[in-house]
Amino acid sequence: MEYNHKQIEKKWQNYWDEKQSFKAETGNEKESYYILVEFPYPSAAGLHVGHVRSYTAQDALARMKRMQGYNILYPMGWDAFGAPAEQYAIKNHIHPKAAVQESIRNFKGQMKDLGFSFDWSREFSTTDPEYYKWTQWQFLQFYKHGMAYKDTVPVNWCPTCKSVLSNEDAAGGVCERCGDTVVQKEKSQWMLRMSDYSEDLLKGLDDTNFADRVKLGQINWIGKSTGVELDVEIVGGGKFSVFTTCIETIYGITFFVIAPDGKLIKELMPRVTNKEEVNKYIQETAKKSSMDRTELNKGKTGCRVEGIMAINPVNGKEVPIFLGDFVLGDYGTGAVMAVPSHDQRDFEYAEEHKLEMIQVIDGRDTDKQAFEKQDYLNKDCKLINSEEFTGLTVEEAKEAITEKLVNEGIARKVNNYKMRDWVFSRQRFWGEPIPMIYCEKCGWQPMKEEDLPLLLPDVAEYEPTEDGESPLANITDWVNTTCPCCGGAAKRETDTMPNWAGSSWYFLRFMDPHNDKEFASMDAMKYWKKVDWYNGGMEHTARHLLYARFWVQFLYNIGLVPNKEMIWTRVSHGMVLGNNNEKMSKSKGNVINPDDIVNEYGADTLRLYEMFMGDYTQDAPWSTDSLRGCRRFIDKVIRLKDKIGAGEGYSKELESIIHKTIKKVQNDLTTMAYNTAVSSLMILANSMDDKKSITKDEYHLLLTLLNPIAPHITEELNEMSGFKPLCETAWPTYDESKTIDSEKEIPVQINGKVKATVKIALDEEESSVKEKVYSAVENLLEGKNIVKEIYVKNKIYNIVVK
RNA sequence: GCCGAUGUGGCGGAAUUGGCAGACGCACUAGACUCAAAAUCUAGCGGGAAACCAUGUGGGUUCGAGUCCCACCAUCGGUACCA
């Protein structure tokens, strides 16, 4: 048969479309199973072969599970708000909406050409008013529950472009567009109280089945640390607090360091006697970009805060206070107790500023560097120079000191988290408008829910204003409105939401995408329950996933979703690299366009190759040669059709391998071992090819197993062989007993080295095995002294000789 | 620096979780078919003449280690002074 992949693939894509083969019906009696791939950002560049990898993987799972009788929800949509579309629009002088529509059309066409079994009836874009209405509505719920607030926070600001930059655009402390140095600028922004959920987000991980490395990513990002918050008196009145995880070193305090950007120094200012020097240092710090500030090996800059001394609460010792930019204003209390003998940063600061050091834990010299907690904890180290606590182990002292200070009412056990509140404002046009109105008289007021959606106005200019306000600020008749509270003149918020907003709940919308009464009905969400299997890139396993979980937990707490966690399994795929093992990029000229491959080799070949190319969770380089090998495999499957003979059922010779292959493919597709699933299918095809003829049932089975990965050609060959369509066929079952070989060849070792093999029956008597083994290696045992014999049933026989 | 992942033929990668290392595929070599090529088929394909040696390096545990333990090295990601 001539393999015209274009014609065959189109034919079956049309068939699936017409028959609505992949439509997910909410509420039907089958067991639900929700498979999700991250919806893409529809860029002008089109689909990447990396998309093809993950979409095919999930498609194969979806197709197999559908055949196994599950009601599969495998949806697709578009995450289309955000900076790239806006940039593209500015550059090409078209409306971002038009640019996005064009890209979506292109993406969708490409996806259809690849034969993914998405339920297209559920498609939507985050930029649809029908969708972002609910994103805005949910923001209002955050606001009404006290979870959204305005605060002044530093943002990355490019003085040349006069633009606020995201952290990504400001990577390395320079503006991505013009290369100028980014500075920090204070700006009033909407914030979501995500830090309130630190503990819940940590605990919630127990109710998920995320891959370990994904969980770990979440845990690290939340960054919990347990310690003590300690009150410190100031000589002459007043006090401040410090956070420490090493209270056992409290007798080693020789100074305190406070953050130059924190609130504390502002409070202390009136009593400072070297105001000029202190102010200068504060200004210097503010000028530094966040990158400069956090760069290591910069030396520990800072200055003494003169005129104020602090008192060590345990021994009344008076110690100086310093400013230092290694202390962060927004972590802990913005102040630390400095114990240079036992903290490397404190040590460096003390050396720089020639300050006293007191060693309080015995076990190592502290002349050259600090003796830190990772080196002294759980090593049975004892305290020195610590009055009543001297002689206790570190672990004992930690508890005893904490207890004493807590009882005295000057310390509290606390947890601190690295995770901050979510900065939710963007000074951009192409995002969901934040539905808030500012009235001189009534302050910030939420829009009335019935007035949603607040549409983005249709305008011609998307450039940000001179002072970095959102482009929306220029549109006077959109900005000016009336106060929902008093009816007087008021102004709209002109910032928009971040890209992360729309993607934080889209998986809920897929459960009920056309609902115009609610973002999704409780019934629909209860039916689909949760995302059973969520696949995405490693780059999203920290932030996107955390935002989405936060969003869901909030909705759960106000009774709007059925579960606290709505995503069960999260897996992440490796990237498809160029043939030179580098990331694909235009500048490197190693980009493979999936359209070209589909054209020349067919979608099935591309799908098969991407599943075969290697460990799914690891990066893999592109190889067109290997791709051709996959095309050859399909050719072989086509040729096998000519071997169909008269018989029925499975022949004796193939029965065992058939059952093994069913088992293998089935397991591999559910454990992301796609490459070995393909190889086992190749082995099956090879053993069919070795025979003079095969039965039509054997051929049908091969096609069925291959169908999830290469759906078009298998449907075609299946139809030609006289069977009903595979997408309407049940997945085959295997008989465990037939996957076990009745005969085995096991290795015989002498001193751990293989010397021979013997053929044994399954579970053969040990004495009989021994007999065979001895006759096989008789000559090698002559004159040797047998020390030991190990027989692992059905596996190996090892003889130890001297 | 810290956290994580990875390291196996010329290449992509397998290895039932401690039991014949290199499945499957690519590339390559030889042969068959062909006027010739492509396609296909057949055979070979880690090193070594062999004993043997080989899973980043060096130790260890074990009858037996790619797999477990210890100490390193290299590459790639993430993160950035978090008290």
Side-chain angles (χ1 to χ4, degrees), chain A residues 212-214 216-217 219-221 223-225 227-229 242-246 249 256-257 259 290-291 293-298 300 324-328 330-339 342-346 348-349 373-374 416-420 538-539 541-542 574-575 577 579 581-583 608-609 612-615 617-630 632-633 635-636 639 660 664 667 673 675-683 685-686 689 745-757 787-792 794-801:
Chain A
D212 283 346
R213 63 173 178 170
V214 174
L216 212 61
I219 291 168
N220 289 342
W221 192 275
K224 178 176 181 172
S225 69
V228 172
E229 201 177 274
V242 295
F243 173 68
T244 180
T245 57
C246 306
T249 63
F256 288 90
V257 187
S290 57
M291 223 33 214
R293 207 177 146 182
T294 52
E295 218 169 88
L296 280 169
N297 309 321
K298 283 287 281 185
K300 296 286 179 281
D325 66 7
F326 73 88
V327 178
L328 309 173
D330 59 353
Y331 180 77
T333 62
V336 299
M337 56 182 233
V339 184
H342 300 287
D343 183 293
Q344 190 57 29
R345 287 164 320 174
D346 298 348
E348 285 164 22
Y349 195 91
K373 63 178 165 192
Q374 64 265 29
N416 259 303
Y417 302 88
K418 284 192 213 176
M419 193 173 70
R420 311 289 153 83
M538 205 52 206
E539 70 277 16
T541 51
M575 274 187 292
L577 304 171
N579 57 5
N581 244 304
E582 288 181 83
K583 219 170 160 172
L608 193 67
Y609 168 60
F612 187 55
M613 72 195 312
D615 181 341
T617 62
Q618 299 299 133
D619 294 351
W622 180 268
S623 159
T624 303
D625 277 337
S626 286
L627 173 93
R628 288 197 195 99
C630 290
R632 277 206 281 274
F633 171 62
D635 289 336
K636 180 182 271 182
R639 280 197 308 275
K660 279 182 194 165
K664 177 87 180 141
N667 286 339
N675 54 340
T676 50
V678 174
S679 95
S680 70
L681 286 165
M682 287 173 170
I683 293 169
N686 287 346
D689 200 29
E745 210 172 67
I746 64 160
V748 180
Q749 296 185 329
I750 293 177
N751 290 344
K753 300 223 157 103
V754 180
K755 295 293 176 184
T757 61
V787 184
K788 199 174 174 184
E789 287 175 67
I790 300 111
Y791 175 54
V792 182
N794 300 326
K795 272 196 175 158
I796 198 162
Y797 202 106
N798 190 13
I799 304 169
V800 185
V801 300

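Below, chains carry the letters A, B, ... as their sequence lines are ordered, and counting in each starts from 1.
In this structure rA14(B) sits in no base pair that meets the Watson-Crick or G-U test at under 3.5 Å. Of the nucleotides present, rC63(B) is the one that pairs with rG19(B) by Watson-Crick or G-U wobble criteria, both distances under 3.5 Å. Taking a pair to require two hydrogen-bonding distances under 3.5 Å in either a Watson-Crick or a G-U wobble arrangement, rU42(B) pairs with rA30(B). Pair check for rC52(B) finds rG47(B); Watson-Crick or G-U wobble, both atom distances under 3.5 Å. Across all strands shown, rG4(B) forms a Watson-Crick or G-U wobble pair, both distances under 3.5 Å, with rC76(B). Across the strands present, rG9(B) finds no partner; the criterion is a Watson-Crick or G-U wobble pair with both atom distances under 3.5 angstrom.
Donor-acceptor pairing under 3.5 Å, judged by distance alone, is present between the side chain of R420(A) and the base of rC82(B).
Checking rA23(B), rG12(B), rC3(B) against the side-chain heavy atoms of N220(A) singles out rC3(B) as nearest. With rC53(B), rC82(B), rC63(B) as the choices, the nucleotide that has an atom nearest any side-chain atom of V800(A) turns out to be rC63(B). You'll find that the side chain of N798(A) is closest to rG19(B), out of rC20(B), rG19(B), rC82(B). For D625(A), the side-chain atoms get nearest to rC26(B) when compared with the rest of rG19(B), rC26(B), rA23(B). Side chain of A620(A), nearest nucleotide from rG13(B), rC63(B), rA5(B): rG13(B). When distances are taken from the side chain of E745(A) to each of rC81(B), rG12(B), rC20(B), the shortest belongs to rC20(B). You'll find that the side chain of F243(A) is closest to rA83(B), out of rU6(B), rC63(B), rA83(B). Comparing rC24(B), rC82(B), rA27(B) by their nearest atom to the side chain of M682(A) picks out rC24(B). Checked against rA15(B), rA83(B), rA5(B), the side chain of D343(A) finds its nearest nucleotide in rA83(B). With rG12(B), rG19(B), rC81(B) as the candidates, the nucleotide lying closest to the side chain of P621(A) is rG12(B).
Rounded to whole angstrom, the span from the CG atom of L216(A) across to the P atom of rC2(B) amounts to 16 Å. Note: CD (Q749(A)) to C1' (rG18(B)) measures 11 Å, nearest angstrom. Counting to the nearest Å, the P atom of rC82(B) and the CE atom of M419(A) are 19 Å from each other. Spacing between atom NZ of K636(A) and atom P of rC24(B) amounts to 10 Å, rounded to whole angstrom units. In this structure, K664(A) places its NZ atom 8 Å from C1' of rU16(B), rounding to the nearest Å. Rounded to whole angstrom, the span from the CE atom of M575(A) across to the C1' atom of rU75(B) amounts to 14 Å. Put simply, CG on L577(A) is 15 Å from C1' on rG13(B), counting in whole angstrom units. What separates CZ of F612(A) from C1' of rC26(B) is a distance of 9 Å, to the nearest Å.
At rC3(B), none of the side-chain N or O atoms of K418(A) fall inside 4.0 Å of OP1 or OP2 (strictly under the cut-off). Side-chain nitrogen and oxygen atoms of R632(A) include at least one within less than 4.0 Å of the OP1 or OP2 phosphate oxygen of rC26(B). The side chain of Y331(A) places an N or O atom within less than 4.0 Å of a non-bridging phosphate oxygen (OP1 or OP2) of rA83(B). OP1 or OP2 of rG78(B) has not a single side-chain nitrogen or oxygen of R213(A) nearer than 4.0 Å.
Among the atoms of the strands shown, only primed sugar atoms or phosphate atoms (P, OP1, OP2) are found under 4.0 Å from some heavy atom of S225(A). Within the nucleic acid shown, D635(A) has no heavy atom closer than 4.0 Å to any nucleic acid atom. Looking at heavy-atom distances under 4.0 Å, K755(A) makes contact with sugar-phosphate atoms alone, never a base. Nucleic acid contact class of Q344(A) (heavy atoms, under 4.0 Å, all strands): none. In this structure, D615(A) reaches the sugar-phosphate backbone alone: every heavy-atom distance under 4.0 Å involves primed, P, OP1 or OP2 atoms, never a base. At the heavy-atom level, I683(A) lies under 4.0 Å from the strands shown only through sugar-phosphate atoms. Within 4.0 Å (heavy atoms only), N686(A) reaches sugar-phosphate atoms of the nucleic acid but no base atom. At the heavy-atom level, V754(A) lies under 4.0 Å from the strands shown only through sugar-phosphate atoms.
Looking at which nucleotide of RNA chain B each of N675(A) and V336(A) is closest to, the 5′-most match is held by N675(A). Nearest-nucleotide positions on RNA chain B place G629(A) closer to the 5' end than the other of R639(A) and G629(A).
Inter-residue side-chain proximity for K664(A) and T676(A) is flagged as met; some heavy-atom pair is nearer than 4.5 Å. Between V257(A) and V327(A), some side-chain heavy-atom pair lies under the 4.5 Å cut-off. A heavy-atom distance below 4.5 Å is not found between the side chains of Y797(A) and P747(A). Proximity of N751(A) to N798(A): side-chain heavy atoms (C-beta onward) are nowhere separated by under 4.5 Å.
Rounded to whole Å, the P atom of rC72(B) lies 43 Å from the corresponding atom of rC26(B). Nucleotides rU16(B) and rA23(B), compared at atom P, are 15 Å apart to the nearest Å. Taking atom P in both rG22(B) and rG10(B), the straight-line distance is 16 Å, to the nearest Å. With both ends at atom C1', the span from rC20(B) to rA27(B) equals 27 Å, rounded to whole Å. Distance check on atom C1': rU61(B) versus rC24(B) gives 34 Å, rounded to whole Å. Comparing rU55(B) with rA21(B), their P atoms are spaced 12 Å from each other, to the whole Å. Separating the P atom of rG58(B) from that of rC81(B) is a span of 39 Å, rounded to the nearest Å. With both ends at atom P, the span from rG25(B) to rC45(B) equals 15 Å, rounded to whole Å.
Here R628(A) pairs with D625(A) in a salt bridge; the nearest charged N to carboxylate O distance falls below 4.0 Å.
Nucleotide rG9(B) carries a syn base; the chi torsion (O4'-C1'-N9-C4 or O4'-C1'-N1-C2) is within 90° of 0. Glycosidic torsion of rU17(B) falls within 90° of 0, placing the base in syn.
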Next item on the list: Could you give me the CA-CA distance, side-chain angles and deciding distance for K636(A) and N686(A), then say whether side chain to side chain donor-acceptor pair (under 3.5 Å) is met?
Entry: CA-CA 9 Å; K636(A) 180 182 271 182; N686(A) 287 346; 2.7 Å; yes

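The closest donor-acceptor contact from the side chain of S626(A) to the backbone of S623(A) lies at 3.5 Å or more, if one exists at all. The backbone N or O of G574(A) lies less than 3.5 Å from no partner atom in the side chain of D619(A), so there is not a single donor-acceptor pair.
In this structure, Y417(A) has its ring center at least 6.0 angstrom away from the ring center of W221(A).
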